[in-house]
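All remarks here apply to the structure that follows.
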Amino acid sequence: MRILVIGSGGREHSVVRKLKESVKAEKLYCAPGNAGIAADAECVNISAMDIAGIVNFSKDNAIDLVFVTPDDPLVAGMVDALEAAGIKTFGPNKAAAIIEGSKAFSKALMKKYGIPTAAYDTFTDAASAMQYIKKQNKYPVVIKADGLALGKGVIIAENEAEAEGAVKSMINDGIFGASGKTIVVEEFLEGTEVSVLAFTDSVTIKPMASSKDHKRAQDGDMGANTGGMGTISPNPRYTPEVAKVCMEKIFLPTIAAMREEGRAFKGCLYFGLILTDDGPKVIEYNARFGDPEAQVVLPLLKTDFIDIILAIYENRLSEIDIEWENAACACVIMASGGYPAAYEKGKEIFGLNGNGQLDYENVTVYHAGTKSEENKFLTNGGRVLGVTAKAETLEAALEKAYSAVSQIRFDGVAYRTDIGKINKAGA
Ligand code: AMP
Ligand code: GLY
């Protein structure tokens with residue numbers, strides 16, 4: 001098959017690498033890709049949001065399958081446009097991608113179908129939001145922009161003044177754009193976070209190996225929320241008992257709810273969960289693979305990735321067995337100093353071989369924000385590299401990942417030194 005992967009981050013690099021392992025992958029393209037992906041696929045200079053450009057490229061190049069990886073093109077309807085042109089896709093259509101595109105939608109869905117989540121209300125004016133927050137008088141309180149915000153649209157306010165600042169910046173100042181002017185105010189949940197990505201054809205759902213993302217910028221879960229600073233898989237707190245409860249109370253009810261709403265979801269559905277004393281609750285849905293969750297989950301997949309994708313496309317996911325390696329992965333993100341706020345780009349990256357990798361067994365350097373110039377790799381984004389190691393145990397994977405990280409250098413590099421460790425709340 002001739003396959004086109006949409007996007008340019010570490011997640012897309014891990015998708016490309018997994019697809020490449022399949023004997024069915026005859027030719028791989030990535031739009032727009034990055035300097036590391038270029039070693040594994042032919043990068044084409046089309047933006048991930050250029051729907052017409054992607055459709056035209058796919059037709060002109062006899063593409064058999066387009067893997068739409070990032071949230072923005074999914075929410076904007078890239079899958080619908082490709083399917084209208086007769087091209088096979090992986091990813092939900094626009095009607096289904098709203099489960100990530102609008103938090104007001106996903107919260108209302110959970111309420112309607114009794115899926116466990118944090119108590120909440122939705123607001124479009126700052127005064128009513130503040131009235132609700134003052135009445136609850138419970139801190140921290142979580143304030144979320146309705147629409148997509150690069151993983152930064154969530155503010156955990158510790159007191160009334162912080163809450164007021166967050167509400168006003170979203171509703172009055174529109175810091176997350178028009179769709180962020182609708183906000184969700186929700187109860188803060190205590191507990192361990194787990195990410196579960198699941199393959200689904202809208203009727204059958206098959207969870208992948210569980211994972212844990214470390215979203216805060218600094219060690220000890222301090223600093224701002226980021227897109228994710230490191231991941232481990234599997235998540236040691238996600239026991240078979242917890243998995244069973246999640247399947248019954250969250251996963252199956254969610255895909256049934258989406259079918260019921262006429263929004264059948266096909267692709268990878270991401271459940272962001274918190275394991276509370278009251279049982280697992282949903283804090284967010286994503287309509288796609290997580291980044292950097294994909295970088296630790298996909299390396300553990302043993303079954304042919306393309307076979308799974310085709311089974312989803314043809315609504316026969318129930319017919320295939322999906323196997324996972326009995327091993328662990330750890331991914332450490334090497335970021336540009338300053339991320340998720342302002343940072344510099346264009347720093348030379350030292351330590352990588354010509355393919356942008358390290359010569360370490362079971363270590364993969366997934367490129368997130370890199371470009372190449374005159375045979376050099378340069379930083380080109382907030383998250384620069386995701387260094388992933390696989391080993392028999394989580395401890396061994398972490399040790400190997402950090403050992404690999406120590407081989408790579410660039411000016412202003414920032415990374416967390418406590419990926420895979422217990423956080424301050426004991427979670
Ligand atoms: P989200 O983009 O919704 O995943 O939120 C980003 C991060 O904020 C999550 O990974 C959690 O760490 C945190 N968060 C979001 N909602 C809640 C909540 N209701 N209670 C506690 N933490 C939350
Ligand atoms: N790592 C979290 C996300 O992809 O949304």
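Order of appearance sets the numbers: ligands from 1, and atoms from 1 within every ligand.
A donor and an acceptor atom, one from each side chain of Tyr343 and Thr379, are nowhere located under 3.5 Å apart. With hydrogens and angles left out, the side-chain atoms of Asp146 and Ser102 include a donor and acceptor closer than 3.5 Å.
Near Glu186, meaning under 4.0 Å from one of its heavy atoms, ligand 1 places the atoms 16 (N), 17 (C), 18 (C), 19 (N). The contact set between ligand 2 and Asp213, taken as ligand atoms under 4.0 Å from a residue heavy atom, comprises 1 (N), 2 (C). For ligand 2, the atoms lying closer than 4.0 Å to a non-hydrogen atom of Gly290 are 4 (O). Near Ile274, meaning under 4.0 Å from any of its heavy atoms, are these atoms of ligand 1: 21 (C), 22 (N). Counting atoms of ligand 2 from 1 in the listed order, those under 4.0 Å from a heavy atom of Arg288 are 3 (C), 4 (O), 5 (O). Each of the atoms 1 (N), 2 (C) of ligand 2 lies under 4.0 Å from some heavy atom of Gly227. Interface of Lys103 with ligand 1, defined as ligand atoms under 4.0 Å from a residue heavy atom, comprises 2 (O), 3 (O). For ligand 2, the atoms sitting less than 4.0 Å from at least one non-hydrogen atom of Glu293 are 1 (N), 2 (C), 4 (O), numbered in the order shown with element in parentheses. The distance from ligand 2 to the heavy atoms of Asn286 drops below 4.0 Å at these ligand atoms: 3 (C), 5 (O).
Only the side chain of Tyr270 comes within 4.0 Å of ligand 2, counting heavy atoms alone; its backbone N, CA, C and O stay farther away. When non-hydrogen atoms are compared, ligand 1 lies under 4.0 Å from the side chain of Lys144 (C-beta onward) but not from its backbone. When non-hydrogen atoms are compared, ligand 2 lies under 4.0 Å from neither the backbone nor the side chain of Thr231. Under 4.0 Å from ligand 2, the heavy atoms of Lys215 that appear belong solely to its side chain. Looking at Glu100 against ligand 2, nothing comes within 4.0 Å, counting heavy atoms.
Here Lys94 does not pair with Asp80 in a salt bridge; the nearest charged N to carboxylate O distance is not below 4.0 Å. By the 4.0 Å N-to-carboxylate-O rule, Asp221 lies close enough to Arg416 to be salt-bridged with it. Ion pairing of Lys144 with Glu284 is absent here, as no side-chain N (NZ or NE/NH1/NH2) approaches a carboxylate O to less than 4.0 Å. Electrostatic pairing of Lys107 and Glu186 counts as a salt bridge here, judged by a charged N lying under 4.0 Å from a carboxylate O.
Ring geometry for Tyr366 against His13 counts as perpendicular: the plane angle is over 60°, on a 0 to 90° scale with 30° as the lower cut. Ring geometry for Tyr132 against Phe123 counts as tilted: the plane angle lies between 30° and 60°, on a 0 to 90° scale. Classification of the Tyr285-Phe271 ring pair by plane angle, with boundaries at 30° and 60°, yields perpendicular.
Geometric assessment of Lys266 against the ring of Tyr313 yields a positive cation-pi assignment under the 6.0 Å and 45° thresholds.
The distance from the CG atom of Leu317 to the CD1 atom of Ile308 is 8.0 Å, given to the nearest 0.5 Å.
Within the 4.0 Å heavy-atom shell around ligand 2 one does not find Arg11.
When the heavy atoms of Thr276, Leu189, Thr117, Val282 are ranked by distance to atom 21 (C) of ligand 1, first place goes to Leu189. Closest to atom 23 (C) of ligand 1 by heavy atom, among Leu148, Ile143, Ile156, is Ile156.
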